Each structure stands twice: as structure tokens, then as C-alpha cells.
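Each remark here refers to the structure printed beneath this line.
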Amino acid sequence: MGWVRRMRPTIVAGLGLLSVAGLATGAAAQSSAAPPLEESPAPPAAHAEPGGHGNGSGIDNAIELVLEKSGVLRARETISFGADPPERFTRTFVTREPYDDGHDRLWEMNHIAASTGDGATVETTTTEHEQTLDVELLTDSAEQVILEYEVRGSTSRIGDRVEMEWVAVGGYSAAVSETTVTVTADAPPLALSCAAGDPRSSIYCASSDMGSHQALIARFMQTDMAPGHMLSIVVGYPPGTAPDAPILARTWSLTSAFAITPLTGSVFGLLLLVLVGGLVLLIRVRGRDERALRTEAKAGDTAPLSNAEHGGLRFRPPDDVHPGQIGTLVDEQADVVDITASVVDLGVRGHLAIEELPHERSSSFDWLLTRLPSPPEDPLMRYERLLLDALFHAGDEVRLSQLSEGFALRLAGVRDELYRDMVRLKWFARRPNLERNRWTSMGIALTGVGVVATVLLAIFTYAAFTGLAVIIAGAAVTVGAQSMPAKTKLGSAVFAHTLGFRTYLLRTNGEDVPADRRVAVLSRYLPYAIIFDDVDRWAQLLARAGSAPAEGDELVWYRGPRDWHIDDFADSIKTFTLTLSGVISNTRQFKTLSYLS
């Protein structure tokens with residue numbers, strides 16, 4: 001059948017020769033066959049080989065096919081077994097073949113029945129395979145069996161004619177000496193073709209004939225068919241002879257499952273627009289930061305100083321925001337930098353002392369942290385009390401190198417309290433870490449739904465491409481979850497003030513602060529500089545301010561070894577912050593907590 005499809009033709013010039021009356025007899029040894037349905041030169045005239053039992057098997061099969069106006073092909077096979085009939089005989093029919101890149105062609109067989117020559121019923125057993133149907137005849141040693149069936153789907157339109165295409169013999173279970181096929185329809189055949197042999201054969205059958213121009217019968221013959229050999233036939237008829245639509249079934253392939261058609265492309269685009277566009281719109285509506293920055297940032301871009309009660313200056317950051325709170329507000333996460341800056345801030349404010357211990361080796365650094373009585377004029381935030389308790393869990397003194405795994409575990413409460421502060425201060429409607437986790441979970445779930453939907457669509461439909469839109473949307477939600485924590489109007493204003501304060505810190509050199517207050521004030525700036533990743537410059541400014549201190553102005557919150565000098569402060573505080581950050585982040589518990597937040 002594959003050969004017949006490859007040799008499909010236009011009707012060649014010269015079909016008028018078919019009207020020659022001398023072509024009416026199909027038994028003549030040199031009878032002229034109709035030109036085969038192909039564009040290449042026609043094969044030689046039909047080769048009518050002598051009939052009989054060329055291989056001595058004694059089996060002949062005469063197949064009569066009638067193509068009805070409805071398109072049904074009615075078949076009657078008369079199988080003669082001769083003097084030595086088998087107990088069982090199997091006929092194979094081809095019922096499915098590839099048609100194009102996305103379809104298979106089907107031939108539907110119905111009403112299969114068999115009987116002996118004298119009318120007794122012959123038991124039949126049918127076995128369906130992927131592309132064939134086996135009909136086993138329990139011949140019970142009958143010399144002749146008549147097999148009847150109907151075939152639908154044998155016709156299709158090729159050019160300006162209707163073609164009846166059928167594998168008249170898809171295979172025998174035993175050798176058959178001679179097989180003849182006659183095809184009758186309500187209109188005379190215009191052209192015909194055939195192929196015989198093994199399934200890959202393109203050899204023309206032994207004989208074909210369609211008689212005179214008035215004849216309604218097309219005839220084919222093949223001799224000496226071995227088990228498994230096939231005989232395919234094609235007969236061309238005038239338009240209207242029968243319906244010309246074959247039965248097609250969509251076939252699955254990765255290409256067809258993800259086929260981009262106007263429908264799947266439209267659905268994909270619509271889903272992507274609704275899901276991803278809705279996410280972008282939601283982030284845009286929930287985000288107030290950009291609008292606040294345009295109107296509020298300048299309010300924080302000034303020196304955070306005010307007059308103290310008894311003269312002098314007092315440090316007052318925008319909105320009285322502490323370093324840990326600023327860090328959480330800016331990136332919406334309570335992370336290692338926020339904790340480190342808070343420890344330094346507590347030291348600057350007099351709640352703890354930081355002492356750099358003598359270096360046992362050039363690369364050996366350690367610090368002693370000592371808890372001090374809290375100044376009454378500087379009450380602690382709850383997260384700051386929890387941080388001091390986490391540091392001094394075993395007493396009022398602790399070496400940095402002795403902070404254990406339990407320290408990071410105790411920091412979980414500090415982180416939770418920082419997130420609670422975001423809601424308590426009305427900067428966020430909901431805790432940003434929980435909001436972020438909720439949207440991340442939704443994104444992962446949506447991605448999973450998209451994957452499952454795409455797989456199911458690929459298996460059962462040809463619209464799997466549309467499922468990719470859901471996967472993309474799920475991935476977008478997962479990534480966009482980081483932007484979903486929504487600041488309130490107040491939170492956006494404080495955020496804008498904070499960035500204004502950052503601008504001030506990054507450009508000032510502290511010269512606007514009186515010399516006798518410079519060390520104290522610049523020390524208060526330092527924790528915020530840690531948050532804003534400007535610790536090197538501020539440490540150097542502070543070291544220079546303290547190298548020639550004015551009366552009463554000295555660095556009281558940080559002490560170095562005996563040979564230590566204020567000029568070493570920049571390197572010392574940088575090493576301290578890096579070491580403390582490492583102690584926090586290198587512990588297993590804090591890594592887990594950081595991931596979950």
C-alpha cells in the first residue's frame with residue numbers, strides 16, 4: 001500500500017486507448033492493461049501468467065469487491081483449499097496506515113462472516129493489531145470457505161477523480177497459488193494500479209485489466225503468494241461514483257501535540273495575557289514605592305540631627321527607624337546584614353561593649369562582647385532585647401568565636417519580631433515573609449498545574465501548546481512573589497525617607513557635624529552605613545575623626561588591644577562585621593531560616 005501511495009498519479013494522456021474493444025478479454029496472455037496511476041512511464045502491458053497451482057499448494061482465492069454508491073466496499077472471497085484443506089487458515093487485512101504528518105488513514109471492517117460452500121457456518125476469530133486485523137477461519141478441513149465482510153473508508157479524491165484504494169490481501173497464513181480480485185462499481189474505471197509481494201515491495205502485480213470503455217469491472221491477479229505477502233490495488237473512477245472522503249485519525253507525535261495553530265496560538269496568547277498581565281498589573285497596583293519616591297524622598301535627604309535638651313546636637317534618623325528595621329523595610333527581608341548592623345548599633349548606643357582581643361597570630365581575630373546596663377533614655381525595641389538575649393544567653397560576656405549553633409536558632413525570634421514590626425508600624429498590611437511565601441507557593445502550584453495540564457493535553461489532544469502558558473505564568477508568579485509584599489502608604493513614605501537618608505549618607509563626609517561631637521554622631525551613622533553597604537568609607541571617616549579627638553570626644557563603644565590605635569579602627573570594624581556575618585550565616589539553622597524567609 002505504501003508503494004501505491006508513492007505512485008499516485010494524474011491520469012496520463014492516452015486514456016482514450018482504453019476504449020479499444022480488443023482490451024475486453026483479461027485472460028489473453030498479452031492483454032493491454034490500463035496505465036498505472038503514476039507520473040513515471042507506465043509499466044508493460046498486463047502479464048497474464050498461466051493459472052493453476054504453481055507451487056502445488058492447491059489454494060486459490062477469488063475476491064469479488066463491489067463499490068456501492070454509499071462508499072461501502074462489499075467483499076466476498078471464495079477460498080478453495082483443494083484436496084488437502086488445512087484445519088485453520090488466517091487472512092490478514094490492513095486497517096491503518098500513515099497518511100500525512102498528523103494523520104493515519106483507517107479502513108473499517110464490519111459484518112465479517114464465513115461459511116462453507118454448502119452454506120454451513122465457519123467459526124471465525126478476529127484479532128486486532130495496531131495496523132492490521134487477523135481473521136482466523138476454523139475451516140474444519142472444508143474444501144471451500146466463503147468469507148464476507150464490508151469495508152468503509154476505501155475511497156478518496158485524487159485530482160479530478162475518485163480513487164478506491166484497498167489492500168485486497170494483507171497476508172495469508174499459507175502459500176496461495178493464485179489470487180484474483182474483481183472490482184465492480186456503478187461507473188466504469190478510468191485507471192488502475194497494483195503492487196504485490198512483501199510489504200515493502202513496489203513490484204507491479206502479475207496482471208491487471210479493466211476491460212473496454214463500457215465495462216464496469218476492474219480485474220487483478222497475482223500468483224504464488226507466500227505467507228505474509230500483500231496485494232494492493234487502486235482503481236480510479238469518475239467524480240460522484242462514491243463519497244471521496246477517507247477516514248482519518250489524528251496521530252500523536254511531539255510535533256503534533258504541540259502544534260501551533262490559529263486556535264492554540266490564540267488560546268496561548270489569551271492565557272498568557274490574562275495570567276502574566278494580571279500579575280504585572282497586580283504588582284503595579286500594590287507597589288507604592290515609585291510614587292512615594294517622587295514625592296517623599298527629599299524629606300530624608302538631610303542631616304539626621306536635632307537640638308538636644310541641654311544644647312548640642314542629637315542624632316535622629318528619619319521616622320526614628322532603627323538599622324534592623326531599615327534593612328527589613330528596604331529589601332523586605334530580615335537577613336544577616338540587618339542582624340549585624342543591629343549588633344553594632346547596640347554597641348554604639350551603649351547597650352553592649354565590643355573589645356577586640358589581642359591577636360595570638362596575625363590572622364587570628366576575636367572579640368569580647370560585654371552586656372551593659374541599658375541607658376534609661378534609650379529604650380530598646382523588642383527585637384533588640386531578643387537580640388541581646390540571644391547574644392548573652394550564657395552570661396554577660398561572650399566571645400564572638402564562642403557563639404554556638406544555638407545562637408542562630410535563637411535569632412529566629414529576632415527575625416520574627418522584625419517582621420512583626422513591619423505590621424505593627426503599619427508599613428505592611430501583612431508580614432512580608434509570609435506574603436512572599438504565600439505567593440511563591442501559589443506560583444509553584446500553578447506551575448505544577450500547568451505541567452500536569454500540558455502532559456494531559458499532549459496525550460489526549462493536540463493543544464498541548466496552550467498548557468505552556470500556564471507553566472510560564474506559574475514561573476512568573478514564583479519569580480514575582482519577591483515583589484508581592486505590599487507596603488502601605490505609610491510604609492512607602494518611610495521607605496522614601498530612608499532612601500533619601502541613604503543619599504545623604506553616601507555623599508556627606510561629616511564636616512557638617514561640630515568637631516567635638518563628630519565621633520559620637522558619626523558612630524551613630526555607622527550601623528546605617530552597614531545597611532547601605534558603605535561601611536568602609538564611614539569607618540575611615542570615623543577613624544579620621546577620632547585620630548585627633550577634641551576634648552570629651554572619644555570612641556567609647558569599641559576598644560582594641562594594647563597596641564591598637566584609632567587609625568586601625570577602619571580595618572577592625574570591617575573585620576568585625578565580616579566575622580559576625582560569617583558566624584550568623586555559616587550556621588545550619590540560619591541558612592534554613594534564611595531560605596524559608
Side-chain angles (χ1 to χ4, degrees), residues 303-305 312-315 317 323 336-337 339-373 375 378 388 391-392 396-403 504-584:
L305 303 172
L313 295 175
R314 179 183 178 186
F315 175 81
V336 174
V337 175
I339 302 297
T340 301
S342 295
V343 171
V344 174
D345 185 54
L346 290 171
V348 171
R349 289 157 51 196
H351 297 276
L352 62 87
I354 304 174
E355 180 183 354
E356 185 176 339
L357 299 177
H359 304 168
E360 297 178 1
R361 296 184 303 276
S362 59
S363 60
S364 175
F365 292 88
D366 202 357
W367 289 262
L368 178 67
L369 305 181
T370 304
R371 187 168 188 170
L372 303 175
D378 184 24
L388 286 173
L391 285 168
F392 302 104
D396 289 340
E397 290 186 348
V398 63
R399 286 194 177 199
L400 197 59
S401 60
Q402 294 175 344
L403 290 174
Y504 167 77
L505 286 181
L506 293 179
R507 74 164 186 265
T508 188
N509 56 14
E511 292 181 356
D512 54 344
V513 180
D516 61 340
R517 296 288 297 156
R518 193 166 294 170
V519 171
V521 171
L522 296 190
S523 293
R524 293 300 307 272
Y525 287 173
L526 182 61
Y528 297 89
I530 294 173
I531 293 293
F532 298 135
D533 196 23
D534 195 32
V535 64
D536 286 349
R537 189 176 73 91
W538 269 102
Q540 292 171 6
L541 289 175
L542 187 54
R544 286 200 298 268
S547 62
E551 184 178 351
D553 188 28
E554 58 181 3
L555 192 64
V556 298
W557 59 274
Y558 190 97
R559 288 285 181 266
R562 178 174 300 176
D563 57 347
W564 185 87
H565 190 267
I566 188 66
D567 292 338
D568 301 321
F569 175 73
D571 291 334
S572 292
I573 196 63
K574 179 180 178 181
T575 305
F576 173 77
T577 56
L578 289 175
T579 305
L580 178 57
S581 298
V583 169
I584 298 171

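Everything numeric in this text was worked out from a predicted model, so none of it was measured. Position 1 is the first residue of the sequence, and the numbers go up from there.
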Q. Hey, mind stepping through Tyr528 and Tyr504 against side chain to side chain contact (heavy atoms under 4.5 Å, CB included) and telling me if it holds?
A. CA-CA 11 Å; Tyr528 297 89; Tyr504 167 77; over 6 Å; no
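- Residues Ala341 and Pro323 come closest through the heavy atom pair CB-CB, 4.2 Å.
- In this structure, CG on Asp536 lies 10.5 Å from CD1 on Ile530, to the nearest 0.5 angstrom.
- Taking CZ of Arg537 as the start and CG of Leu505 as the end, the distance is 8.0 Å to the nearest 0.5 Å.
- Here the closest heavy-atom approach between residue Trp538 and residue Ala529 is recorded as CD1-CB, 3.2 Å.
- Rounding to the nearest 0.5 Å places CD of Glu356 at 11.0 Å from CG of Leu400.
- A donor-acceptor contact closer than 3.5 angstrom is absent between the side chains of Asp345 and His351.
- Under the 4.5 Å side-chain criterion, counting only non-hydrogen atoms from C-beta, Leu369 is not in contact with Glu397.
- With a 4.5 Å cut-off on side-chain heavy atoms, Val337 and Ser581 do not count as touching.
- No side-chain heavy atom of Ile531 sits under 4.5 Å from any side-chain heavy atom of Pro527.
- Put simply, CG on Leu352 and OG1 on Thr370 are 8.5 Å apart, with the number rounded to the nearest 0.5 Å.
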Q | Derivation and outcome, salt bridge (Lys or Arg N to Asp or Glu O under 4.0 Å), residues Lys574 and Asp571 | A | CA-CA 5 Å; Lys574 179 180 178 181; Asp571 291 334; over 6 Å; no
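- Considering every non-hydrogen atom in both Ala543 and Asp567, the closest pair reads O-OD1, 4.4 Å.
- By the 4.5 Å heavy-atom criterion applied to side chains, Arg559 and Leu368 are not counted as neighbours.
- Note that CD1 of Ile584 and OG1 of Thr579 are 11.0 Å apart. Values are rounded to the nearest 0.5 Å.
- Atom OG of Ser401 is separated from atom CH2 of Trp367 by 10.0 Å, given to the nearest 0.5 angstrom.
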Q: Show your reasoning for whether side chain to side chain contact (heavy atoms under 4.5 Å, CB included) applies to Gln402 and Asp366.
A: CA-CA 9 Å; Gln402 294 175 344; Asp366 202 357; 5.8 Å; no
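- Aromatic pair Phe576/Trp557: centroids not less than 6.0 angstrom apart.
- Aromatic ring pairs are classed by plane angle as parallel below 30°, tilted from 30° to 60° and perpendicular above 60°; the pair Trp564 and Tyr558 is tilted.
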